[in-house]
Amino acid sequence: MVDFVPGASSRLRALPGHLALGALGVLCVFPIYWLYATSLRRPDQVLSLSPIPWPLSLGNYAEAIQLVDIPQLLINTTLVALLTALGQLLTGLLAAYAFAGWNFPLKRLCYLLFVGTWLVPFQVTMLPNYVLLLQLGLLNTLGGVVVPNLCSALGVILLRQHLDGFPKELLEAAKMDGRSSWRTLWTVVVPNLRAPLAALAILLFVTAWNEYFWPAMVLQRSNDVLQLGLRSFMISEGGQGTYWGPLMAVAGLACLPIFALYLVLRRHIVNAFVRSGLK
Amino acid sequence: MFVEIPAPVVVVPSRVARPALARRLLRGAPPYLYLLPALALLVIWTYRPLVQTAQLSFFSWNLLPTQPATPVGLDNYVRLFQLPAVGQSALRTLEVIGGLIPFTLLVPVLVGLLGQRVRGRARAVYQALVFAPLLVAPVASATVWEWLLEPSGGAVNRVLGTHVNWLHDITWAQPAIILVTGWHLIGFAVLVVSAGLSNINSDYTEAAMIDGASRGQITRWITLPLLSPTLVFLALMTALLSAQWTFPLIDTITQGGPSGATTNVYYLLWDYSFHTFDAGLGTAAGMVLFVVFGIVAAGLVLLSEKLSVHDD
């Protein structure tokens with residue numbers, strides 16, 4: 001059979017795969033490339049269709065920084081994403097530890113409560129949450145963006161899967177040593193769970209960074225995070241045609257930290273997303 | 001050899017029953033304490049508002065704290081089902097889901113099957129490329145696509161030599177929104193499918209090959225059935241998440257227009273609640289959405305249990 005002949009023929013058989021994946025890859029990346037290409041053109045050449053922006057220029061970035069307070073937006077977004085991710089990681093770790101370490105009445109029901117949140121779209125609960133934020137005085141504050149997002153069902157579910165595979169002997173041994181469950185968590189479980197915790201942390205950070213719905217609702221009038229700053233810039237200047245350069249510069253800056261993270265940690269990010277399903 | 005002997009509970013004299021009970025409660029407490037922060041947050045921010053949404057859907061209220069809400073019975077639901085916009089937006093939601101199926105199922109399966117023989121460094125490079133759109137913030141993708149599809153200066157029109165206003169034309173706005181959302185999701189779907197394919201034990205394929213099965217037969221009768229759990233997962237994801245994924249695009253680019261051409265149920269909900277401040281209508285629509293969601297999810301889970309051929 002042809003299939004078992006190694007070498008040239010197997011390479012030939014992979015050709016359709018290379019073509020399909022290559023074409024798809026180019027289509028996927030082209031808009032991102034165009035975003036950065038436009039942003040790096042000289043302001044008077046923004047309309048150019050040349051595939052490579054030349055001469056390179058930071059003029060659009062200079063203009064964008066004058067129009068939008070980018071450093072402040074970057075600080076705010078980083079703060080929100082970091083606090084959200086850390087909070088979700090901590091609450092998720094504690095809950096997953098409870099599920100993996102003990103058998104207790106109502107365990108199944110408690111777990112279902114986490115899974116069930118997938119069926120409640122954000123738009124269904126937004127009105128009462130809006131009212132509660134108003135009553136707590138958190139509307140139009142960064143705190144209002146973070147606090148309601150301190151628990152992620154995804155984090156609990158993923159960490160539980162990892163913890164269920166955790167060697168029970170280690171937990172038993174720690175118990176024999178007379179360690180409290182709290183100390184066992186931090187001295188035995190967490191050090192052994194470093195890889196999945198890191199992957200989850202990145203995933204949660206990226207999600208929080210790109211979050212749009214919740215900040216749009218909480219920060220209705222102030223545009224204190226990158227996504228909203230970009231939106232208001234887009235709505236106020238976008239339609240007028242001359243601002244495409246600076247607009248692409250702001251959009252590029254809004255994605256840059258995530259792309260930098262992606263380039264460094266590519267494998268972990270892909271694995272974390274694919275293993276978790278999306279969200 | 002060793003026989004597990006139950007702990008000698010009976011020896012506790014009845015005199016100290018109370019402290020023992022307290023101690024037992026205390027010993028049972030740790031899992032609940034560890035669960036407490038996460039569960040409390042879920043109850044406060046998901047389940048409490050869900051119940052309140054259900055309650056509010058029977059009231060008329062304009063969101064002002066000073067205005068009392070007045071009970072109106074089923075009025076909101078009656079109004080909801082009489083509004084032509086609701087039926088249309090439901091239809092558009094189905095359109096979005098249907099329009100995304102090629103991006104989340106058909107093309108990924110095709111590319112996944114074709115790409116099975118690509119290995120090594122090339123594969124890693126392709127993966128990196130197709131995954132990138134998922135990391136683009138929705139608003140940034142709205143910005144770059146608005147630029148690409150711009151009527152006069154945008155790359156698409158200039159390359160095609162056309163002058164179509166893709167994002168603000170009644171015919172083209174909805175397909176354009178679907179296309180951009182599809183661009184976001186396709187790489188992820190490709191990765192999920194290829195992960196699913198690599199989990200299939202190659203023994204089956206080899207056995208079938210020895211039995212003289214053709215490539216097409218193997219794909220149809222072995223690979224696809226074994227892949228079906230992955231496919232159902234992707235279908236579930238498309239149904240439950242895709243309309244939500246279009247929201248930032250619609251909110252930043254079209255605001256539901258032109259003349260409602262891109263208003264799906266999610267945007268309609270947002271519109272009722274925060275533009276017309278009709279809390280009753282907004283929450284009633286929310287409850288209907290929640291129920292429909294539950295039915296769709298349950299249906300797909302049942303389907304997956306029926307369809308799945310588990311590789312034991």
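What you see below is based on every heavy atom in this structure, not just the backbone, and it leaves out hydrogens, waters and symmetry mates. In what follows, every chain begins at residue 1, and chains take the letters A, B, ... in the order their sequences are listed.
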K.L.:
Would you call the rings of A:Phe104 and B:Tyr32 parallel, tilted or perpendicular, taking 30° and 60° as the class edges?
P.N.:
perpendicular
K.L.:
Counting only heavy atoms closer than 4.5 Å, note whether A:Leu127 contacts chain B via side chain, backbone, both or neither.
P.N.:
side chain
K.L.:
Between A:Tyr262 and B:Phe131, is the ring-ring contact (aromatic ring centres under 6.0 Å, His included) condition met? List the steps.
P.N.:
CA-CA 10 Å; A:Tyr262 180 51; B:Phe131 189 77; 5.7 Å; yes
K.L.:
In Å and rounded to the nearest 0.5 Å, what is the CD to OG1 distance from A:Gln123 to B:Thr53?
P.N.:
11.5 Å
K.L.:
For chain B, find which of A:Ala216, A:Gly87, A:Gly252, A:Gly22 contributes the most heavy-atom pairs closer than 4.5 angstrom.
P.N.:
A:Gly22
K.L.:
Look up atom CD in B:Glu146 and atom CG in A:Leu247, then write down how far apart they are to the nearest 0.5 Å.
P.N.:
8.0 Å
K.L.:
B:Tyr126 versus chain A, heavy atoms under 4.5 Å apart: side chain, backbone, both or neither?
P.N.:
side chain
K.L.:
Measure A:Val46 against the heavy atoms of chain B and call it side chain, backbone, both or neither at under 4.5 Å.
P.N.:
both
K.L.:
Is B:Arg48 close to chain A through its backbone or its side chain, or both, or neither, when contacts mean heavy atoms under 4.5 Å?
P.N.:
side chain
K.L.:
Taking all atoms of both residues into account, what is the closest heavy-atom pair of B:Ala122 and A:His18, and its distance?
P.N.:
CB-CE1, 3.7 Å
K.L.:
Given 3.5 Å as the limit, does a donor-acceptor pair link the side chain of B:Arg158 with the main chain of A:Leu47, or not?
P.N.:
yes
K.L.:
Main chain of A:Leu113, side chain of B:Tyr47: is a donor-acceptor contact present, judged purely on distance under 3.5 Å?
P.N.:
yes
K.L.:
Below 4.5 Å from any heavy atom of chain A, which atoms of B:Ala40 appear? Answer side chain, backbone, both or neither.
P.N.:
neither
K.L.:
Let's go through A:Phe122 and B:Leu269 carefully: what are the C-alpha distance in whole Å and the side-chain angles of both, what is the deciding distance for side chain to side chain contact (heavy atoms under 4.5 Å, CB included) to 0.1 Å, and is it a yes or a no?
P.N.:
CA-CA 10 Å; A:Phe122 162 77; B:Leu269 262 170; over 6 Å; no
K.L.:
Quick one: closest heavy-atom pair of A:Ala98 and B:Tyr34, and the distance?
P.N.:
CB-CB, 3.7 Å
K.L.:
Taking all non-hydrogen atoms of both residues, which atom of A:Thr91 and which atom of B:Pro37 are closest, and how far apart?
P.N.:
CG2-CB, 4.1 Å
K.L.:
Carefully, step by step, assess B:Ile44 and A:Leu132 under the rule side chain to side chain contact (heavy atoms under 4.5 Å, CB included).
P.N.:
CA-CA 10 Å; B:Ile44 294 172; A:Leu132 181 61; 3.9 Å; yes
K.L.:
Can you confirm whether B:Trp45 sits close enough to A:Thr125 that some side-chain heavy atom of one is under 4.5 Å from a side-chain heavy atom of the other?
P.N.:
no
K.L.:
Counting heavy-atom pairs under 4.5 Å to chain A, which of B:Leu240, B:Val51, B:Leu234, B:Leu39 comes out on top?
P.N.:
B:Leu39
K.L.:
Could you tell me whether A:Lys107 atom NZ has more than 12 heavy atoms of other residues or ligands within 6.0 Å of it?
P.N.:
yes
K.L.:
Is A:Tyr130 in contact with chain B via its backbone, its side chain, both, or neither, using a 4.5 Å heavy-atom distance?
P.N.:
side chain
K.L.:
Using non-hydrogen atoms only, which part of A:Leu134 is less than 4.5 Å away from chain B: side chain, backbone, both, or neither?
P.N.:
side chain
K.L.:
Indicate whether the side chain of A:Tyr212 and that of B:Thr252 have a donor and an acceptor atom separated by less than 3.5 Å.
P.N.:
no
K.L.:
So, A:Asn210 side chain and B:Leu135 main chain: donor-acceptor pair closer than 3.5 Å or not?
P.N.:
yes
